[in-house]
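The next block holds one structure in the form of structure tokens; read it before the comments.
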Amino acid sequence: QVQLVESGGGLVQTGGTLRLSCAASGSIFRINAMGWYRQAPGNQRELVAAVTRIGSTNYADSVKGRFTISRDNAKNTVYLQMNSLKPEDTAVYYCNADINTIAPAYGKTYWGQGTQVTVSS
């Protein structure tokens, strides 16, 4: 059993800052890639940012230069630092992780419940 729990969402004004956290817990052997996705009402879920275990990152074009993804492997936690927020960033943000569990020891994809980010104009 693996659980991902997001935190840090909230309501901010345009130009504000939020920091999202996602902590993985359970029978974890190793976490491979981790990422953040978001979904606004009526929209498809989209990749925001992803980071490999060794630190290679990818970002959606819409957030490059504003968002930073990072991870703490010792804490099984991934973060998303969001600066210069815009109303278009409003969405539910979901944590995603590819994880090898202790048993069985093959990789699977897990999702968090989501945390709401609202940016007002």
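What's counted below: heavy atoms across the whole structure, side chains too, no hydrogens, waters or symmetry copies. When a residue number appears, it is its place in the shown sequence, counting from 1. Worth saying up front: this structure is predicted, and the values here are computed from it rather than measured.
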Nearest 0.5 angstrom please: [X] [atom1] to [Y] [atom2], how far?
X	Y	atom1	atom2	result
Thr14	Glu88	OG1	CD	10.0 Å
Arg38	Arg45	CZ	CZ	13.0 Å
Thr68	Arg19	OG1	CZ	9.5 Å
Tyr110	Asn96	OH	CG	11.5 Å
Lys86	Ser121	NZ	OG	14.0 Å
Leu47	Asn58	CG	CG	7.5 Å

> Is it the case that one hydrophobic cluster holds both Val92 and Leu85, taking links as side-chain heavy atoms less than 4.5 Å apart, direct or via other members?
Replying inline: no
> Are Phe67 and Tyr94 linked, directly or through other ILVMFWY residues, by side chains that come within less than 4.5 angstrom of each other?
Replying inline: no
>> Is the distance between the ring centroids of Trp111 and Tyr37 under 6.0 Å?
In response: yes
Testing the basics here: between [X] and [Y], what is the closest heavy-atom pair and its distance to 0.1 Å?
X	Y	answer
Tyr79	Ser21	CD2-OG, 3.3 Å
Ala91	Ala40	CB-N, 3.8 Å
Cys95	Val78	SG-CG1, 3.7 Å
Tyr59	Ile69	OH-N, 2.9 Å

In the structure I gave you, are the side-chain heavy atoms of [X] and [Y] within less than 4.5 Å of one another anywhere?
X	Y	answer
Val117	Met82	yes
Thr17	Gln81	yes
Ile102	Ile28	no
Gln116	Leu11	no
Asn73	Ile31	no
Arg53	Met34	no
Thr101	Lys108	no

> Can you check side chain to side chain contact (heavy atoms under 4.5 Å, CB included) on Trp36 and Leu20, steps first, answer last?
Replying inline: CA-CA 9 Å; Trp36 289 94; Leu20 305 183; 3.7 Å; yes
Looking only at atom types and distance, does a side-chain atom of [X] sit under 3.5 Å from a main-chain N or O of [Y], one as donor and one as acceptor?
X	Y	result
Arg71	Thr77	no
Gln44	Gln39	no
Thr115	Glu6	no
Thr90	Val119	yes

>> Check this for me, if you would: do Asp61 and Lys64 make a salt bridge, where the nitrogen-to-carboxylate-oxygen distance has to be below 4.0 angstrom?
In response: yes
>> Between Asn32 and Ile99, is the side chain to side chain contact (heavy atoms under 4.5 Å, CB included) condition met? List the steps.
In response: CA-CA 6 Å; Asn32 303 307; Ile99 297 174; over 6 Å; no
